[in-house]
There are 2 protein chains.
Amino acid sequence: MSRSIIKLRSTIRLKEGCALKIGELSKATGASIRSLRYYEKQGLIAPLRTESGYREYHKFAVEQVKTIRLYLNLGLSTEQIAGFLHCVLTNKEVFCNEILPVYQQKLKEIDEQIQTLVRIRSNLEERIQSIVSEQTDNESMEGTNDES
Amino acid sequence: MSRSIIKLRSTIRLKEGCALKIGELSKATGASIRSLRYYEKQGLIAPLRTESGYREYHKFAVEQVKTIRLYLNLGLSTEQIAGFLHCVLTNKEVFCNEILPVYQQKLKEIDEQIQTLVRIRSNLEERIQSIVSEQTDNESMEGTNDES
DNA sequence: ATAGACCGTGACATTAATGTCAGAGTCAAT
DNA sequence: ATTGACTCTGACATTAATGTCACGGTCTAT
């Protein structure tokens, strides 16, 4: 219910051909139109153009964009992704020699970030603990004096 | 050796009085001049001004700035710090009621960040593992065929 | 009074991916 | 032809703390 009152054309064209317009690709992948244009500018995807200048995506672009977003979610930058994407799309991930060092580099970075966060975390915990225990001490002293 | 050829005036004034100029405070705390001005604009520190407009910091400002930087290193924002700094500077940290919820909120955020990173990390590791084991398989097969 | 170390303000840059807007053009259905 | 959904480009905004530059004023030792 309350599906959407606005009229959409996308469903019709989706059934028709195998060329996608940017809005259709956006809906099919979850990437915003803005992001799709950005990926293009970063060299991650290269749609054709119609005579009037509209982007024309092949239907395979859906999987390509999903792949891109997967790597982005892994914390890789568009630049890093560009470095191995052609290989991953051509072969399988396991056969792409360019991807392993990127993964390992990223793993190192992630480990460093985790270490930093863990260090901050224990510092925070200490501070919280000292405040809480101090307050507890005061309350129990007050209790000794005033309560019951 | 090679201490610094440029003539400095700071040492002299440091001995003289208890008012610090911004450059002196910067050297005493490790915060850049730019940062000190930024902290001021964010309401974290409020130096007096000389007639000519120079900032005049009380000597206690050294500890204040170090305190600010400590909290920044804990990942707190200048806005959060502003929320409890007056209290921390007046009382001790353990007696500042405003600081505990900020700490706990930050702890929550840190935990979430760690969780996210850990999830990404294991995803990366899986991918690395599948690539490495695939390559190892191929090499051992090659070995079976060609070697010895 | 001059040099040069210092300070003042204001502004722009950085980072990465995305949001958002304006102004204009396209397409399809009526 | 009109309407409305859609697309195009280009530009500016977001975030937070800091770097950096320009341009000008101040202080102090000589």
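Please read these numbers as outputs of a predicted model, since none were measured by experiment. Reminder, nothing fancy here: chain letters follow the sequence lines and each chain counts from 1.
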Checklist entry - Thr90(B): what forms a side-chain contact (heavy atoms from CB on, under 4.5 Å) with it, not counting sequence neighbours? => result none
Next on the checklist: The criterion is side-chain hydrogen bond (donor to acceptor under 3.5 Å, both in side chains); which residues satisfy it with Glu109(B), sequence neighbours excluded?
Outcome noted: Gln105(B), Lys106(B)
Next on the checklist: Can you tell me if Arg49(B) touches the phosphate of dT9(C), counting only side-chain N or O atoms and a distance under 4.0 Å to OP1 or OP2?
Outcome noted: yes
Checklist entry - Can you name the salt bridge (Lys or Arg N to Asp or Glu O under 4.0 Å) partners of Glu63(B), sequence neighbours left out? => result none
Next on the checklist: From CG of Leu36(B) over to C1' of dC6(C), roughly how many Å is that when rounded to an integer?
Outcome noted: 15 Å
Checklist entry - Distance-only, no hydrogens or angles: does the Asn73(B) side chain make a donor-acceptor pair with backbone N or O of Arg69(B) under 3.5 Å? => result yes
Item to check | With sequence neighbours excluded, residues passing side-chain contact (heavy atoms from CB on, under 4.5 Å) with Lys92(B) | outcome: Val94(B), Phe95(B)
Checklist entry - Would you say dG8(C) has OP1 or OP2 under 4.0 Å from some side-chain N or O of Arg55(B)? => result yes
Checklist outcome for this item: Ile22(A) CD1 to dA5(D) P, in whole Å, measures 19 Å
Item to check | Heavy-atom donor-acceptor pair, Tyr54(A) side-chain to dT7(D) base, under 3.5 Å | outcome: no
Checklist entry - Quick one: salt bridge (Lys or Arg N to Asp or Glu O under 4.0 Å) partners of Glu125(B), sequence neighbours excluded? => result Arg121(B)
Checklist entry - Excluding sequence neighbours, so at least two apart, what forms side-chain contact (heavy atoms from CB on, under 4.5 Å) with Arg34(A)? => result Ser32(A), Tyr38(A)
Item to check | Nearest-neighbour nucleotide for the Ser52(A) side chain, dC27(D), dG8(C), dT26(C) considered | outcome: dT26(C)
Item to check | nucleotides 15-21 of chain C: protein proximity per nucleotide (B base, S sugar-phosphate only, - neither; heavy atom, under 4.0 Å) | outcome: --BBBB-
Checklist entry - Bend angle of the helix from dA1(C)-dT30(D) to dT30(C)-dA1(D) from five-pair axes at both ends, rounded to 10°? => result 40°
Item to check | Set of side-chain contact (heavy atoms from CB on, under 4.5 Å) partners for Glu93(A), sequence neighbours left out | outcome: Tyr71(A), Ile99(A), Tyr103(A), Arg127(B), Ile131(B)
Checklist entry - Roughly how many Å is it from CD in Glu24(B) to P in dC7(C), rounded to a whole number? => result 7 Å
